[in-house]
Amino acid sequence: MPIRPILRYPHPGLKTGCQPVTTFDASLAALAEDLLATMRAAPGVGITAAHIGVFLRVTVLELDRADGVRLYVNPQITWRSQETISHAEGSVSMPGATEEVTRPRAIRFRYQDAGGIVHEKAAEGFLAICVQHEVDQLDGIFWLQRLSRLKRERLVKKWEKNQG
């Protein structure tokens with residue numbers, strides 16, 4: 001479980017859409033383990049393969065240790081509620097930068113597990129926010145794109161200043 005280097009904003013890979021996983025084997029399990037170790041070291045609550053420069057539709061979430069690790073392969077959101085929720089978001093690719101993002105409060109999504117079995121789940125609140133955030137990243141949509149232009153420009157300027 002090596003900790004992999006994380007692509008840092010504004011790396012162009014963070015705007016790259018990911019390809020579906022078609023092979024469910026030991027290399028996928030190893031990638032999931034590397035993602036978990038890298039996410040914990042960052043630290044973060046979610047990470048995608050794109051964050052480490054592997055452009056496959058794989059994401060790992062661990063909202064808290066007691067809740068356990070979630071691996072979603074080829075996740076797709078199939079429904080979004082009209083009701084929204086705002087929450088501070090950030091990225092392992094942009095440490096220290098956070099801003100309020102508004103997203104649908106509840107979703108339904110489909111994904112595969114490490115063995116390729118398809119599952120469908122519903123999520124609301126923080127889990128729904130995290131799944132949407134990571135699916136965006138897999139689609140090549142970095143979270144900053146969900147902010148108004150003014151908020152995005154202010155946040156990037158502040159983050160760049162803090163990077164020295």
Side-chain angles (χ1 to χ4, degrees), residues 1-19 21 27-77 84-107 109 111-114 119 121 123-147 151-152 154-164:
M1 279 200 311
I3 294 170
R4 305 261 202 112
I6 294 174
L7 301 181
R8 297 289 183 210
Y9 176 83
H11 193 286
L14 296 171
K15 290 186 177 180
T16 301
C18 294
Q19 297 299 309
V21 171
S27 66
L28 176 61
L31 173 61
E33 288 179 12
D34 290 357
L35 285 171
L36 179 60
T38 303
M39 179 189 72
R40 285 177 172 167
V45 296
I47 193 169
T48 67
H51 284 112
I52 62 168
V54 177
F55 301 103
L56 292 173
R57 295 187 69 82
V58 179
T59 188
V60 171
L61 294 177
E62 187 178 44
L63 306 188
D64 67 49
R65 295 264 177 135
D67 194 36
V69 177
R70 294 177 166 105
L71 169 66
Y72 300 130
V73 180
N74 299 326
Q76 285 184 288
I77 296 171
T84 60
I85 185 173
S86 294
H87 194 276
E89 294 187 26
S91 174
V92 295
S93 292
M94 206 174 180
T98 60
E99 185 57 76
E100 290 282 316
V101 177
T102 301
R103 296 183 182 272
R105 176 181 293 279
I107 61 168
F109 64 107
Y111 68 95
Q112 290 170 277
D113 61 25
H119 301 268
K121 294 226 175 183
E124 61 182 59
F126 188 53
L127 177 58
I129 290 165
C130 293
V131 170
Q132 291 174 85
H133 177 103
E134 302 306 346
V135 168
D136 271 358
Q137 185 64 64
L138 295 172
D139 291 340
I141 301 169
F142 194 61
W143 73 281
L144 293 178
Q145 293 172 258
R146 296 290 181 197
L147 301 176
K151 280 186 177 182
R152 182 173 52 248
R154 281 186 190 157
L155 184 65
V156 168
K157 188 174 182 176
K158 181 180 174 183
W159 187 76
E160 287 172 343
K161 182 180 176 185
N162 290 339
Q163 297 309 296

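Residue numbers run from 1 in the order of the sequence given.
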Residues passing the salt bridge (charged side-chain N to carboxylate O under 4.0 Å, His left out) test with Asp113, sequence neighbours excluded, are none

So salt bridge (Lys or Arg N to Asp or Glu O under 4.0 Å) across residues 52-61, not counting sequence neighbours, yields Arg57-Asp139

Taking the side chain as every heavy atom from C-beta outward, state whether [X] and [Y] have any atom pair closer than 4.5 Å.
X: Pro75; Y: Val131; value: no
X: Gln112; Y: Val21; value: no
X: Ser91; Y: Phe142; value: yes
X: Arg70; Y: Leu63; value: yes

Residues passing the side chain to side chain donor-acceptor pair (under 3.5 Å) test with Thr48, sequence neighbours excluded, are His51

Residue set satisfying side chain to side chain donor-acceptor pair (under 3.5 Å) with His11, at least two apart, ordered chain then number -> none

Where the side chain of Glu134 meets the backbone of Cys130, is there a donor-acceptor pair that is under 3.5 Å apart? no

Looking only at non-hydrogen atoms, find the nearest pair between [X] and [Y] and report the distance.
X: Leu36; Y: Glu62; result: CD1-OE1, 3.9 Å
X: Thr38; Y: Asp34; result: OG1-O, 2.7 Å
X: Ala32; Y: Leu71; result: CB-CD1, 3.9 Å
X: Gly46; Y: Met39; result: N-SD, 3.3 Å

[X] [atom1] to [Y] [atom2] distance, which is reported to the nearest 0.5 Å:
X: Thr59; Y: Leu61; atom1: OG1; atom2: CG; result: 5.0 Å
X: Gln145; Y: Leu147; atom1: CD; atom2: CG; result: 9.5 Å
X: Ile52; Y: Arg4; atom1: CD1; atom2: CZ; result: 4.0 Å
X: Ile6; Y: Ile47; atom1: CD1; atom2: CD1; result: 4.5 Å

Extract all donor-acceptor atom pairs below 3.5 Å that involve side chains of residues 12-19 and protein atoms in other chains or at least two apart in sequence.
residue, atom, partner, partner atom, Å
Thr16, OG1, Pro12, O, 3.3
Thr16, OG1, Gly13, O, 3.4

Side chain to side chain contact (heavy atoms under 4.5 Å, CB included) filter on Ala49, not counting sequence neighbours, yields Leu31, Leu35, Val54, Val58

Applying side chain to side chain contact (heavy atoms under 4.5 Å, CB included) to Ala37 and not counting sequence neighbours gives Met1, Ile3

Hits for ring-ring contact (aromatic ring centres under 6.0 Å, His included) against Phe109, two or more places apart or cross-chain, chain-then-number order -> Tyr72, Tyr111

By ring-ring contact (aromatic ring centres under 6.0 Å, His included), Phe126 pairs with (sequence neighbours left out) His87

Acceptor/donor pairs from residues 154-164 side chains to any protein atom, 3.5 angstrom cut, sequence neighbours excluded:
residue, atom, partner, partner atom, Å
Trp159, NE1, Pro95, O, 3.0
Asn162, ND2, Lys158, O, 3.4

The residue among Val45, Val69, Val60 that forms side-chain contact (heavy atoms from CB on, under 4.5 Å) with Arg40 is Val69

Here the side-chain hydrogen bond (donor to acceptor under 3.5 Å, both in side chains) pairs for residues 96-106, sequence neighbours left out, are Glu83-Arg105, Ser86-Thr102, Glu89-Arg103, Arg103-Asp136

